[in-house]
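Take a look at the structure below.
A, B, ... follow the sequence lines: proteins, then strands. Residue 1 opens every chain.
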Protein chains: 2
Amino acid sequence: MSNLATALDVVGARWALLIVERLLDGPQRYGDLQRDLGVPTNMLATRLRELEAAGVLSRIPLHHNTRAYVLTERGLALRDAIAALARWGDGHTTG
Amino acid sequence: MSNLATALDVVGARWALLIVERLLDGPQRYGDLQRDLGVPTNMLATRLRELEAAGVLSRIPLHHNTRAYVLTERGLALRDAIAALARWGDGHTTG
DNA sequence: CGTCTTACTTGTATTTTGCAAGTGTCGCTT
DNA sequence: AAGCGACACTTGCAAAATACAAGTAAGACG
């Protein structure tokens with residue numbers, strides 16, 4: 001299995017990279033992600049669980065029933081890949 | 001829609017980036033991609049059609065019923081993004 | 001003509017995703 | 001203490017994407 005395939009196994013699922021991109025701006029709560037991305041709530045819950053299990057992000061309790069999602073070091077390491085993809089997407093629409 | 005979302009609209013589907021990665025090594029025929037990637041044949045046909053429509057690759061006739069798939073300039077521009085993702089996948093190595 | 005290779009298509013089962021509604025917990029108000 | 005609203009999910013079901021298996025078309029070769 002190639003390194004690319006390994007990466008896609010973790011962040012290749014739908015919404016995964018978009019969630020990570022959003023978290024690059026700092027910790028976000030569940031409702032924030034939901035509103036900003038327009039992702040279905042069950043998909044968001046599933047992805048957050050998977051990404052946490054993969055060590056990409058972690059939960060941080062805030063108050064009683066609120067918590068924040070924050071990228072781990074491994075999650076932050078996706079910054080370059082996300083930036084490269086976004087650059088490509090930009091050039092794509094412009095050209 | 002963010003640039004990342006735009007990019008994922010084109011190359012976010014399953015197998016898409018793996019196909020492009022394979023083509024970075026040079027033109028490949030249908031059977032080559034199928035064997036190397038282990039992708040279902042109907043998915044491969046669908047992806048190749050989509051990627052061609054998106055201007056990522058193009059078909060080049062070889063003989064009677066054989067042709068090669070080759071990346072366009074736009075497809076080649078994915079090299080950085082793919083390399084970044086592969087690097088991340090490598091550093092990940094199970095967690 | 002029949003056979004082989006290559007590049008697909010078609011049919012159907014399975015998995016993933018999307019939409020709508022419901023659940024549980026806690027703080028706040030009354 | 002009872003009711004209400006906000007938040008973070010879960011659950012049920014429909015739609016879409018994907019996987020698996022088999023079939024089709026077209027040309028070279030004998």
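If you check residues 58-71 of chain B against DNA chain D, the residues with a heavy atom closer than 4.0 Å are B/H64, B/N65, listed by number.
Taking CG of B/L17 as the start and CZ of B/R47 as the end, the distance is 11.0 Å to the nearest 0.5 Å.
A/Y69 is not listed as a side-chain neighbour of A/I60, based on a closest heavy-atom distance of 4.5 Å or more. In this structure the side chain of B/L48 reaches within 4.5 angstrom of the side chain of B/L44, judged on heavy atoms.
Not a single donor-acceptor pair under 3.5 Å links the side chain of A/T6 to the backbone N or O of B/G89.
Hydrophobic clustering (side-chain heavy atoms under 4.5 Å, transitive across Ile, Leu, Val, Met, Phe, Trp, Tyr) groups A/L24 together with A/V56. Both A/L18 and A/L76 are assigned to one and the same hydrophobic cluster, defined by single-linkage of ILVMFWY side chains at heavy-atom distances under 4.5 Å.
Whole-Å rounding puts the A/D9 CG to D/dT18 P distance at 15 Å. Computed from coordinates, the B/L37 CG to D/dA19 P distance equals 12 Å when rounded to whole Å. Taking atom CG of residue B/N42 and atom P of nucleotide D/dA16, one finds them 18 Å apart after rounding to whole Å. Distance A/E52 CD to D/dA8 P: 14 Å, rounded to the nearest Å. If you take CZ of A/R49 and P of C/dT17, they are 13 Å apart, rounded to a whole angstrom. The CG atom of B/D32 sits 9 Å away from the P atom of C/dT6 (whole-angstrom rounding). The distance between atom CG of B/L44 and atom C1' of C/dT10, rounded to the nearest whole Å, is 16 Å. The interatomic distance linking B/E50 (CD) with D/dT18 (P) rounds to 8 Å, in whole Å.
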For residues 27-41 of chain B, run the donor-acceptor check on the side chains, cut-off 3.5 Å, and write out each pair with its distance to 0.1 Å, sequence neighbours left out.
{"from": "B/Q28", "atom 1": "NE2", "to": "B/G26", "atom 2": "O", "distance (Å)": "3.3"}
{"from": "B/Y30", "atom 1": "OH", "to": "B/T41", "atom 2": "O", "distance (Å)": "2.6"}
{"from": "B/Y30", "atom 1": "OH", "to": "B/T41", "atom 2": "OG1", "distance (Å)": "2.6"}
{"from": "B/D32", "atom 1": "OD1", "to": "B/R35", "atom 2": "NH2", "distance (Å)": "3.2"}
{"from": "B/D32", "atom 1": "OD2", "to": "B/R29", "atom 2": "N", "distance (Å)": "3.1"}
{"from": "B/D36", "atom 1": "OD2", "to": "B/R22", "atom 2": "NE", "distance (Å)": "2.9"}
{"from": "B/D36", "atom 1": "OD2", "to": "B/R22", "atom 2": "NH2", "distance (Å)": "3.0"}

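Put simply, B/W15 has a side-chain N or O that comes within less than 4.0 Å of OP1 or OP2 on D/dA19. Contact check, B/R47 against D/dT18: a side-chain N or O comes under 4.0 Å of OP1 or OP2.
Place A/G38 and B/R14 on DNA chain C by their nearest nucleotides, and B/R14 ends up nearer the 5' end.
With distances taken from any side-chain atom of A/Y30 to the nucleotides C/dC19, D/dA8, C/dC8, the minimum falls on D/dA8.
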